[in-house]
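Working notes, structure below.
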Amino acid sequence: MSFMDSKFSKWGEVETAVLSQSLAKRFARVMLAAVLAASFLPVAAFADEGGAVSDPVGNAISGPNQIQYGMTAQYTYNNGKPTSVYEWSYDPTQENGGAIKISSVDKSPNGQIVSVTGTQVGYVILRVSEDGQPICKRKILISRRDITLTSGSLEKMYDGEEHKGGSVSIDGGDLVGTDELDVTWTKSLTDVGEVDNEFYVTFTSGTAANYNITYRYGKLKVTPRVVTLKSADLSKEYDGEPLTNGTAAIAIEGEGFVKGQGVSYTFTGSQKIVGSSENAFECIPNEGTNLDNYQINKTYGTLTVTDRSEKYQITLTPNSKSVTYDGTEKSVSGFETLEFQINGQTFYVSGVEASATGTDAGEYPVEVSGQAVVIDPDGNDVTDQFIVNIDDAKLTIVGVDSDKSASNLPHTGDSAALYAMGICGVAIAAGAGALFTFRKRNNYK
C-alpha cells in the first residue's frame, strides 16, 4: 500500500494494510536495531512530559508544545527515511484530557508531516508508530482560544423608544467549527445620555470552556431631539395698553415633539409705548415630557407699537376766579385738573403753568406758559400721542356798586354834615378816601 492510500479515523488514527514482503524485511531490520538500542535507553524515553521524546533509533517528533483550540499546527517525525509509512494517533491525558484531529499526512524529503487541529482544551499524547510498533510520542497542550467580542456603537436622536442591541464582532479569529453563541444585551437607553453597550454570551453549540473571552463595549448614545419654537410678529397703534402675544400661535419647526409630548407657554414679552421689543416666552413641559431630551431653540418674534394716526386730544382748563375790588392785588393760578382717563389708563400732564394777577376792577386773562408733557402711569413720556388743548380763563375783579350807602364809611360826625358837603351817595373804598371831621354848625337845622 502506498503512503497516500492511508486513511484517518475520526481521531486521526492511520488504518494500515498488509505489508509487502520487502517492507517486512526492512521492518525486521529496524526492529532488531530498536531492541538493541532500547537496552541502553532510560525508562523516561517514553514518559508523558512535553517536548520531543527520542525514539529507539534517535529520531523525534518536532513541532510546538502548545496549540490553541481550533488552530492547526504541523508536526514531523524524521528518521531519515522519507518513504517510510508512519501511523499517527493520540491519547488524552488523565489529568486534563484534550482532543485533537489529525487532518492530513504528507510526504516530505525530511520526513513525515501531519497537520494537527485542537478540538478540545486539555493535554494529549501525540504518538507515531511504524508497522504497528510505537516509536515516539509527544505531549501537547490544547489551550483556550483567545477571542475578543466587541459590541458596536449605536447612536440615535431621542424618539421616546428604548435604544439597545446592535452587532457583536469577533476579533482574533472566528468561532471554531459549529460553535455558536447567543448575545444577551444588558444595557439600554431611552432618555438622552450615553452608556456602555454591555452584553454577555451563551453558547448554544460548543462550550465557553474552550475560549478565553475578552469583552469590549461600544457606546449607546441618545442625542437631544432638536425643536425650534418661533413666536409671532405682532403690531398695533399706541392705545396706552401693552401689546402682548395674546392668542397668537407658536410655530414648531425642526424635528418636533415626540407623539404625546409637548409644552405650554408663558409669554413674557410686552410692548406698551411706541417702539419694538421681543415677543419672548418660556416653555412649560406637559406631563410626561422631559425637556432634557430636547434641544429647544427659541426664535422670538417682534412686538411693535406705532404712533397713532389720530392723536388723543385732551384739554387743560386753567382755574378762573372772580373777586370784589377792595384795593388789594388779586391772583389766580393752576388748572382744574392735570389728570385724564383714557381707556382706563390715567395720564398726567406736567410742564405747564397758568396764572393771572390784578388790583383794579376788571377782567385779567389767565396766561399759560411752558410746554405740556404727557406721562403714562408707568412714567413714560407719551406726549407725541396727544394733542393738548388749553381753554381760556380769567381773573375778574368786580368794582363796588355806586349806590352803596356812605353811612358805612368811617366818619367822626353825623350824616347831616355829609349831605351838607355834597358827598352823600358817593362810594369810597376803605382806606382810599380822606378822613373827614365834621363840626356842627349852629345855624344847621
_Audit row: Asp146, Gln68, side chain to side chain donor-acceptor pair (under 3.5 Å) steps and yes/no_ = CA-CA 8 Å; Asp146 294 326; Gln68 284 192 0; 3.0 Å; yes

*Give the intermediate values and the outcome of side chain to side chain donor-acceptor pair (under 3.5 Å) for residues Thr268 and Glu282.*
CA-CA 7 Å; Thr268 59; Glu282 296 295 334; 5.1 Å; no

*Kindly determine whether Asp171 and Thr148 satisfy side chain to side chain donor-acceptor pair (under 3.5 Å), including the steps that lead there.*
CA-CA 5 Å; Asp171 302 320; Thr148 299; 5.5 Å; no

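Not counting sequence neighbours, the partners of Glu161 by the side-chain contact (heavy atoms from CB on, under 4.5 Å) test are Lys156, Asp159.
For the pair Arg145 (side chain) and Tyr69 (backbone), a donor-acceptor distance under 3.5 Å is present.
The closest side-chain donor-acceptor pair between Asn279 and Asn245 falls under 3.5 angstrom. Between the side chains of Thr346 and Glu339, no donor-acceptor pair is found at a separation under 3.5 Å. Ser143 and Gln66 share a side-chain donor-acceptor pair at under 3.5 Å. Using a 3.5 Å distance cut-off with no hydrogens or angles, the side chains of Glu336 and Asn319 do not pair a donor with an acceptor. Defined by atom type and a distance below 3.5 Å, a donor-acceptor pair is missing between the side-chain atoms of Thr359 and Glu329. At a cut-off of 3.5 Å, with distance as the only test, no side-chain donor of Asn286 or Gln261 sits close to an acceptor on the other residue. Remark: the Thr304 side chain and the Ser276 side chain contain an N/O donor-acceptor pair separated by less than 3.5 Å. A donor-acceptor pair shorter than 3.5 Å can be found between the side chains of Thr117 and Thr72.
Atom NZ of Lys164 is surrounded by more than 12 heavy atoms from other residues, nucleotides or ligands within 6.0 Å. Summarising the local packing, CD of Gln94 is surrounded by 12 or fewer heavy atoms from other residues, nucleotides or ligands at distances under 6.0 Å. Other residues, nucleotides and ligands contribute over 12 non-hydrogen atoms within 6.0 Å of the NZ atom of Lys298. The local environment of OH in Tyr123 is sparse, with at most 12 non-hydrogen atoms from other residues, nucleotides or ligands closer than 6.0 Å.
Tyr265 and Phe267 have tilted rings, their planes meeting at an angle from 30° to 60° on a 0 to 90° scale. Aromatic ring orientation, Tyr211 versus Phe203: parallel (interplanar angle below 30°, classes split at 30° and 60°). Ring geometry for Tyr312 against Phe386 counts as tilted: the plane angle lies between 30° and 60°, on a 0 to 90° scale.
Of all non-hydrogen atoms in Lys272 and Val305, the two that sit nearest each other are O-CG1, 4.1 Å.
Less than 6.0 angstrom separates the ring centroid of Tyr300 from the ring centroid of Phe281.
Sorted by first then second residue, the ring-ring contact (aromatic ring centres under 6.0 Å, His included) pairs that include residues 219-250, not counting sequence neighbours, number zero.
Between Asp326 and the choices Thr328, Val323, Thr324, the side-chain contact (heavy atoms from CB on, under 4.5 Å) rule is met once, by Thr328.
Both tests do not hold together for Lys187 against Phe199: distance to the six-membered ring centre under 6.0 Å, angle to the ring axis within 45°.
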